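Remember, it's a predicted structure, so these values are computed and weren't measured experimentally. What you see below is based on every heavy atom in this structure, not just the backbone, and it leaves out hydrogens, waters and symmetry mates. Order of appearance sets the numbers: ligands from 1, and atoms from 1 within every ligand.
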Amino acid sequence: MYGGARTATTRTLPCTWCNKPVPQPRRWRRRLYCSEAHRRKNRVVEAVGNFLDSL
Ligand SMILES: [Zn+2]
């Protein structure tokens, strides 16, 4: 028991960047980042990676 009625149905995943628990909404795709900023950060890193890959 965690002391809350909603804890049983609320799932969380750690943010890819800061490991902060991100609540996972039901019937929705997985949220891997705690904030829009961290989501964008991932896109930037991916873009840089692709750029370096193409060199
Ligand atoms: Zn984060």
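Within the 3.5 Å criterion, the main-chain N or O of Leu32 finds a donor-acceptor partner in the side chain of Thr16.
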Please assess Tyr33 against Leu13 for the test side-chain contact (heavy atoms from CB on, under 4.5 Å), listing each intermediate value before the final yes or no. CA-CA 9 Å; Tyr33 314 104; Leu13 278 176; over 6 Å; no

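For His38 against Cys15, the heavy-atom pair with the smallest separation is ND1-SG, 3.5 Å. Nearest heavy-atom pair across Gln24 and Arg30 is OE1-CA, 3.4 Å.
Here 4 is the count of protein N, O or S atoms positioned under 2.8 Å from the Zn ion (ligand 1), waters not counted.
Sorted by first and then second residue, the pairs that involve residues 34-55 and meet salt bridge (Lys or Arg N to Asp or Glu O under 4.0 Å), not counting sequence neighbours, are Glu36-Arg39.
When the side chains of ILVMFWY residues are joined at heavy-atom separations under 4.5 Å, either directly or via intervening members, Val44 and Trp17 end up in two distinct hydrophobic clusters.
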